[in-house]
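Worksheet: one structure, shown below.
Remember, it's a predicted structure, so these values are computed and weren't measured experimentally. Numbered from 1 within each chain, the chains take letters A, B, ... in sequence-line order.
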2 protein chains.
Amino acid sequence: MKEDPLYKNRKVITIGVVSELTGLSERQIRYYEERKLIFPERTERGNRKYSFSDVERLIDIANKRDEGVRTYEIRQEMLKDKKREDDAKIRNQMLRGQLNARFGIPKGKN
Amino acid sequence: MKEDPLYKNRKVITIGVVSELTGLSERQIRYYEERKLIFPERTERGNRKYSFSDVERLIDIANKRDEGVRTYEIRQEMLKDKKREDDAKIRNQMLRGQLNARFGIPKGKN
DNA sequence: CGTGTAAGGAATTCTGACACG
DNA sequence: CGTGTAAGGAATTCTGACACG
């Protein structure tokens, strides 16, 4: 979908730097992964790599945790948001399909 | 000058990842720093951190090296480009100053 | 000049576990 | 549940140097 040069989503930051950037301990960062709140990639030998998006998400998580929200609840919210996005995407595609079928709208920029 | 959320310029990538991203050896990357072609930041204990801009510059450097351009020459080109930019910036500021002095143009963005 | 490599040490990261609560 | 910590090992990074050319 997105272009590759979206620096924001490229997983290139090691956990130590993420820890500095977010103020979270490495233990916390790894735990949030265990709870499926964050999904780093891995280097060949297993070192975690995060994107700027991940860093922002971690800051969000940290704020919610400060408010007392549990990791399970944070995950539920995430899944809800994801569902909304996916539904919106599907509605969009259906609309395009209809328009295209009836009027032969030339394919726009995605 | 620029906003902080410019992911492109934030120095967060370790040399190992930069090596993967550019295909250059760590030795080469450190050498280009020695030759003042690249300027990573350092973590508290001395580990180098690079930005996406740095990665792109390194790829440029690698291409020029492949063409046989020497590091010294690459540096000269860099300095020339920098001077052009700086001169343009100054001309721009002078123009703003003139306009402002004569017509009191409200301060624009930057 | 540009890059490879072996050297030795220090810092990083990883996993699984025990602890407290 | 969420996080700290000590444990042991493996991988990372650093610097200064020798090598070749």
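The nearest whole Å value for the distance from the CG atom in A:N47 to the P atom in C:dT15 is 9 Å. For the pair B:I15 CD1 and C:dT3 P, the computed distance is 13 Å after rounding to whole Å. Rounded to an integer number of Å, the gap from A:E41 CD to C:dC14 P is 14 Å. Rounded to whole angstrom, the span from the CG atom of B:L37 across to the C1' atom of C:dG2 amounts to 12 Å. Atom NZ of B:K49 and atom P of D:dT13 are 14 Å apart (whole Å). A:R30 places its CZ atom 9 Å from the C1' atom of C:dT12, with the value rounded to the nearest Å. Distance, B:E33 CD to C:dT3 P: 15 Å, rounded to whole Å. Going from atom CD of B:E20 over to atom P of D:dA11 covers 14 Å, rounded to whole Å.
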- Item | Intra- and inter-strand pairs of DNA chain D in dot-bracket (Watson-Crick or G-U wobble, both distances under 3.5 Å; | for another strand) | .||||.||.|.|.||.||||.
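Regarding contacts with the backbone of D:dA11, every side-chain N or O of A:R42 stays at 4.0 angstrom or more from both OP1 and OP2. Listed pair B:R48 / D:dC14 meets the phosphate criterion, a side-chain N or O lying under 4.0 Å from OP1 or OP2. Distances shown here put a side-chain N or O of B:R45 below 4.0 Å from the OP1 or OP2 atom of C:dT12. A:Y31 has no side-chain polar atom (N or O) that falls below the 4.0 Å cut-off from OP1 or OP2 of D:dT3.
Ranking C:dT3, D:dT15, C:dT12 by closeness to the B:Y32 side chain, first place goes to C:dT3.
Taken to the nearest 0.5 Å, the CZ atom of A:R57 stands 7.0 Å off from the CZ atom of A:F39. From A:F52, atom CZ reaches atom CG of A:L6 across 12.5 Å, with rounding to the nearest 0.5 Å. To the nearest 0.5 angstrom, B:I13 atom CD1 is 10.0 Å from A:K49 atom NZ.
Within a 6.0 Å sphere centred on CZ of A:R102, other residues, nucleotides and ligands contribute 12 heavy atoms or fewer.
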Sub-3.5 Å pairs of nitrogen or oxygen atoms, protein against nucleotides 4-7 of chain C:
unit_1: C:dG4; atom_1: OP2; unit_2: B:S25; atom_2: OG; d: 2.7
unit_1: C:dG4; atom_1: N7; unit_2: B:R27; atom_2: NE; d: 3.2
unit_1: C:dG4; atom_1: O6; unit_2: B:R27; atom_2: NH2; d: 3.0
unit_1: C:dT5; atom_1: O4; unit_2: B:R27; atom_2: NE; d: 3.2

Compile the donor-acceptor pairs under 3.5 Å between side chains in residues 71-78 of chain B and protein atoms, sequence neighbours left out, one pair per line.
unit_1: B:T71; atom_1: OG1; unit_2: B:R35; atom_2: NH1; d: 3.0
unit_1: B:Y72; atom_1: OH; unit_2: B:Q76; atom_2: NE2; d: 3.4
unit_1: B:E73; atom_1: OE1; unit_2: B:R70; atom_2: N; d: 2.8
unit_1: B:R75; atom_1: NH1; unit_2: B:K36; atom_2: O; d: 3.2
unit_1: B:E77; atom_1: OE1; unit_2: B:K64; atom_2: NZ; d: 3.1

Validation: residues 19-30 of chain A side-chain donor-acceptor distances under 3.5 Å, sequence neighbours left out:
unit_1: A:S19; atom_1: OG; unit_2: A:L24; atom_2: O; d: 2.6
unit_1: A:T22; atom_1: OG1; unit_2: A:V18; atom_2: O; d: 2.8
unit_1: A:T22; atom_1: OG1; unit_2: A:L24; atom_2: N; d: 3.1
unit_1: A:S25; atom_1: OG; unit_2: A:Q28; atom_2: N; d: 3.0
unit_1: A:S25; atom_1: OG; unit_2: A:Q28; atom_2: OE1; d: 3.3
unit_1: A:E26; atom_1: OE1; unit_2: A:R30; atom_2: NH2; d: 3.1
unit_1: A:Q28; atom_1: OE1; unit_2: A:S25; atom_2: N; d: 2.9

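As judged by a 4.0 angstrom heavy-atom cut-off over every strand, B:T14 is placed among residues touching the sugar-phosphate backbone only.
Partners of B:N63 under the side-chain hydrogen bond (donor to acceptor under 3.5 Å, both in side chains) rule, at least two apart in sequence or in another chain, do not exist in this structure.
Between A:S51 and A:N9, the side chains place no donor N or O within less than 3.5 Å of an acceptor N or O (distance only, hydrogens not considered).
Ion pair A:R84/A:D81 flagged as a salt bridge, since at least one NZ, NE, NH1 or NH2 atom sits closer than 4.0 Å to an Asp/Glu carboxylate oxygen.
Partner A:R48 forms a salt bridge (charged side-chain N to carboxylate O under 4.0 Å, His left out) with one of A:E41, A:E34, A:E33 and no other, that one being A:E33.
Put simply, B:I61 and B:L79 are part of two different groups of oily side chains (I, L, V, M, F, W, Y) that touch within less than 4.5 Å, one to the next.
Remark: nothing in residues 62-73 of chain B comes within less than 4.0 Å of DNA chain D through any heavy atom.
The shortest distance between side-chain heavy atoms of A:D87 and A:K83 falls below 4.5 Å.
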